[in-house]
Participant: 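First, the structure itself, so that you have it in front of you.
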Amino acid sequence: MRALQITELSGPRSALQIADLPDPEADHPLTPGSGVLIDVHAAGVAFPEVLQTRGEYQYKPELPFVPGTDIGGVVRSAPEGSGLAEGARVAACCMSGGFAEVAVAPAFLTFALSDELDFAQGASLVMNYHTAYFALKLRGRLAEGDTVLVHGAAGGVGTAALQVAKGLGARTIAVVSSDDKERVAREAGADEVVRSDSAWKDEAKELSGGGVDIVIDPVGGDRFTDSLRSLREGGRVVVVGFTGGSIPEVKVNRLLLNNTEVVGAGWGAFVMGKPGINEEIGAAVNRLVDEGFVRPIVGARFPLDHAADALELIDGRGATGKIVLDVRA
Ligand SMILES: NC(=O)c1ccc[n+]([C@@H]2O[C@H](COP(=O)([O-])OP(=O)(O)OC[C@H]3O[C@@H](n4cnc5c(N)ncnc54)[C@H](OP(=O)(O)O)[C@@H]3O)[C@@H](O)[C@H]2O)c1
């Protein structure tokens, strides 16, 4: 099979090489001795792969290795009892190995892909939309009618959070840094859009009539204190990531004074080894697909041998929605 490997830790432009490799066995490290073998049509690209080209991500396989977490494709074979049939269209999270014509995913992270979505949208689905649902509903305790503020709202997690929040009956305020990103946030269904370089905290308080219920924060950095200040009493900041570069620190007296919460949402760590939770989240996300709320926004697509362009787009803060590799183009 044709695959893309990280062969050295020299950054997005030079670390990746096309290779001809044997097809993998139907065996995934998370489900030893079994796995769903998938003919990959599209593979999602995300920030961790950029970090992996520099050896800066927490998961550091031996070189060379095939990166790639999220895929959209067709089942070649599936373990008995998995409910997945040969030839089924699926969205899957394979954790690694997705930048290849054939990949293997654990059955509990492989989900039927609606005919409403193409393979590129399938490759945008599991990590971002499952994280969004997990962060909003399971960790943020979102209730119908809540107001949700989303940072990095034109990004992969951001657009997913806007759509999922809307589908769960919330009103959304998107925070973005440019006109182009404002357009994407509106396309993702944001009710209101504010700019990260403006007085967004005051605007959010005004737009929400005194404070928002939930902040979804994949950015972190120096805007964190204003996120806390933008909450109403009982509101929650849900910590999802740190694309802003620095990990914020919280003065806990703020939480006491305003009766607010900071909640961590680490999807991967939580769902691994909990098939029931994955089933519940997968069903909820697919329901939102069927209802028309979830339609992943694919911001740019590249053929496999132009993956460096995809990684550099993300690295340069130029990505919107999900960036996808067309593996069989
Ligand atoms: N907790 C979990 O379980 C989980 C799951 C999936 C992903 N994540 C994490 O969530 C984060 C977001 O992932 P993503 O796929 O949504 O990324 P993305 O598509 O690249 O979007 C990230 C957004 O962050 C904003 N940003 C602010 N400062 C930035 C900077 N210095 N460099 C780059 N972006 C900056 C950008 O929006 P503006 O330009 O509009 O500010 C950008 O749109 C990542 O850290 C990822 O690892 C966490």
Side-chain angles (χ1 to χ4, degrees), residues 1-25 27-30 32 35 38 40 42-72 92-106 109 123-124 126-128 131 152 155-157 218-221 239-248 266-269 272 299-329:
M1 66 173 186
R2 210 161 163 259
L4 199 58
Q5 288 182 310
I6 292 182
T7 56
E8 55 180 55
L9 304 179
S10 54
R13 181 51 51 192
S14 52
L16 293 155
Q17 298 291 333
I18 292 280
D20 190 16
L21 301 176
D23 291 357
E25 299 290 322
D27 177 14
H28 193 278
L30 291 174
I38 298 169
V40 181
V45 188
F47 211 63
E49 280 104 35
V50 176
L51 298 177
Q52 282 183 327
T53 65
R54 301 195 180 103
E56 290 172 359
Y57 192 58
Q58 65 239 36
Y59 172 59
K60 296 183 171 75
E62 239 176 77
L63 296 177
F65 71 97
V66 180
T69 300
D70 262 300
I71 54 176
C93 185
C94 54
M95 311 305 292
S96 196
F99 292 1
E101 287 175 332
V102 187
V104 54
L109 289 176
S124 315
V126 182
M127 193 166 62
N128 288 346
T131 295
V157 171
V219 175
V239 178
V240 177
F242 310 104
T243 52
S246 63
I247 297 177
W267 170 75
M272 287 315 135
R301 306 167 69 138
F302 298 87
L304 202 57
D305 41 15
H306 284 74
D309 296 335
L311 293 173
E312 284 191 340
L313 190 62
I314 293 172
D315 200 25
R317 200 173 171 175
T320 54
K322 184 76 183 176
I323 306 305
V324 170
L325 300 177
D326 286 308
V327 173
R328 286 161 190 267

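Reckoned from all heavy atoms, side chains included, excluding hydrogens, waters and symmetry mates.
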Participant: Taking the side chain as everything from C-beta on, heavy atoms only, tell me whether M95 gets closer than 4.5 Å to L109.
Facilitator: yes

Participant: Give me the atom names and distance for the closest heavy-atom approach of G98 to A103.
Facilitator: CA-CB, 4.3 Å

Participant: Grab the two heavy atoms, one from L325 and one from A307, that are nearest each other, plus how far apart they are.
Facilitator: CD2-CA, 3.8 Å

Participant: Could you tell me the separation between the CG atom of L9 and the CG atom of L51, rounded to the nearest 0.5 Å?
Facilitator: 11.5 Å

Participant: If I compare all heavy atoms of E8 with all of A15, which pair ends up nearest, and what's the gap?
Facilitator: O-CB, 3.0 Å

Participant: At what distance, to the nearest 0.5 angstrom, does CD of E49 lie from OG of S96?
Facilitator: 8.5 Å

Participant: How many angstroms lie between atom CG of L304 and atom NE2 of H306, to the nearest 0.5 angstrom?
Facilitator: 11.0 Å

Participant: Hey, are the side chains of M272 and P106 touching, using non-hydrogen atoms and a 4.5 Å cut-off?
Facilitator: no

Participant: Passes side chain to side chain contact (heavy atoms under 4.5 Å, CB included), F302 versus V45? Steps please.
Facilitator: CA-CA 10 Å; F302 298 87; V45 188; over 6 Å; no

Participant: Do R317 and T243 have side chains that get closer than 4.5 Å, going by heavy atoms?
Facilitator: no

Participant: Can you tell if the side chain of F65 reaches within under 4.5 Å of the side chain of Q52, non-hydrogen atoms only?
Facilitator: yes

Participant: If you compare all heavy atoms of I323 against all heavy atoms of A310, which two are closest, and at what distance to 0.1 Å?
Facilitator: CG2-CB, 3.7 Å

Participant: Indicate yes or no: does R13 engage E312 in a salt bridge with an N to O separation below 4.0 Å.
Facilitator: yes

Participant: Q5 versus V66: any side-chain heavy-atom pair under 4.5 Å?
Facilitator: yes

Participant: Closest heavy-atom contact between T131 and M127?
Facilitator: OG1-O, 2.5 Å

Participant: Can you tell me how far apart CG (D305) and CD1 (I18) are? Round to the nearest 0.5 Å.
Facilitator: 5.0 Å

Participant: Does N128 reach the side chain of D70, with side-chain heavy atoms less than 4.5 Å apart?
Facilitator: no

Participant: Mind checking whether W267 and C93 have side chains closer than 4.5 Å, heavy atoms only?
Facilitator: yes

Participant: When rounded to the nearest 0.5 angstrom, what is the spacing between CD in E101 and CG in D20?
Facilitator: 8.5 Å

Participant: When rounded to the nearest 0.5 angstrom, what is the spacing between CG in D309 and CD1 in I314?
Facilitator: 11.5 Å

Participant: Any heavy-atom pair between the side chains of L63 and I6 that's under 4.5 Å?
Facilitator: yes

Participant: Which pair of heavy atoms, one from V324 and one from S124, lies closest together, and at what distance?
Facilitator: CG2-OG, 4.0 Å

